[in-house]
Undergrad: 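Take a look at this one; I'll ask things after.
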Amino acid sequence: MQYSQKVLDHFMHPHNVGKMENPDATATEGSPACGDQVTVYLKVDEQTKVIEDVSFLSYGCASNIATASIITDLAKGKTLDEAKAITWKDAMEALDGLPPVKVHCSVLAADTLQTAISNYEIAKGLKPVPDFTKDTIVNELKKIIYPQVGEDIVTLKMVKYVGFTDGEVVIDLNIQSFDTWRDNVVEEIKEHLEKYPDVKNVQINLP
Ligand code: FES
């Protein structure tokens with residue numbers, strides 16, 4: 001697998017690694033695609049809302065360590081609002097790209113940073129605990145990468161319909177039976193959504 005020099009540099013000499021003592025917020029997320037995990041720690045200036053310090057622990061692969069390293073670099077010194085705009089695509093760009101089958105590793109790192117920020121805002125009363133809605137489902141689907149091309153399934157227009165009523169999620173997917181990644185995508189969707197207490201059942205319709 002071909003990695004950029006930046007990925008190799010951040011993997012071999014990662015920045016901002018380590019458990020933080022007395023963080024203001026933390027988040028641990030796992031990737032349904034591979035089972036790996038990342039924890040992000042934040043220290044935030046309560047007045048200015050600037051991220052004064054950020055660190056991570058990774059139980060993931062080289063791409064995940066490199067992405068967590070660069071994404072914590074990107075977040076450090078930014079306000080919470082600025083850091084909320086950081087995406088996995090920013091991390092990928094800053095690393096000069098990742099192989100398509102490793103893009104989900106950068107999604108895990110970016111998602112964990114965003115969850116830590118969200119946890120901080122909820123804990124400080126800056127926002128309410130979000131309701132589970134159809135938008136929550138679509139946001140989760142945007143985190144699922146189609147490994148062959150390294151892009152999310154919503155952007156690739158593989159999702160034709162999303163419904164949510166009384167805990168029942170219905171998703172129509174436009175992925176053909178001969179597609180070797182179809183089972184992976186279906187399984188990942190279920191793992192992303194079934195972790196929510198509001199979800200009783202996930203029905204995925206296929207062509
Ligand atoms: Fe699991 Fe990269 S393969 S995070």
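In listed order, ligands and their atoms are each counted from 1.
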Undergrad: Charged N to carboxylate O below 4.0 Å: is that the case for K143 and E29?
TA: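 Not counted as a salt bridge, because no side-chain N and carboxylate O are separated by less than 4.0 Å.
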Undergrad: Using a distance-only test with no angle check, is there a side-chain donor-acceptor pair under 3.5 angstrom linking Y41 and E21?
TA: no
Undergrad: Leaving waters out, which protein N, O or S atoms fall under 2.8 Å from atom 2 (Fe) of ligand 1?
TA: C61 SG, C105 SG
Undergrad: Give the C-alpha distance, both sets of side-chain angles, the deciding distance and a yes or no for ring-ring contact (aromatic ring centres under 6.0 Å, His included) between F132 and F164.
TA: CA-CA 10 Å; F132 187 92; F164 180 62; 4.9 Å; yes
Undergrad: Could you give the side-chain donor-acceptor pairs of residues 50-59 under 3.5 Å, partners two or more places apart or in another chain?
TA:
{"from": "S55", "atom 1": "OG", "to": "G18", "atom 2": "O", "distance (Å)": "2.8"}
{"from": "S58", "atom 1": "OG", "to": "G60", "atom 2": "N", "distance (Å)": "3.0"}
{"from": "S58", "atom 1": "OG", "to": "N64", "atom 2": "OD1", "distance (Å)": "2.8"}

Undergrad: Check the angle between the aromatic planes of W181 and Y146 and answer parallel, tilted or perpendicular using the 30° and 60° thresholds.
TA: perpendicular
Undergrad: Check E93 with K6, please: is the shortest side-chain N to carboxylate O separation under 4.0 Å?
TA: no
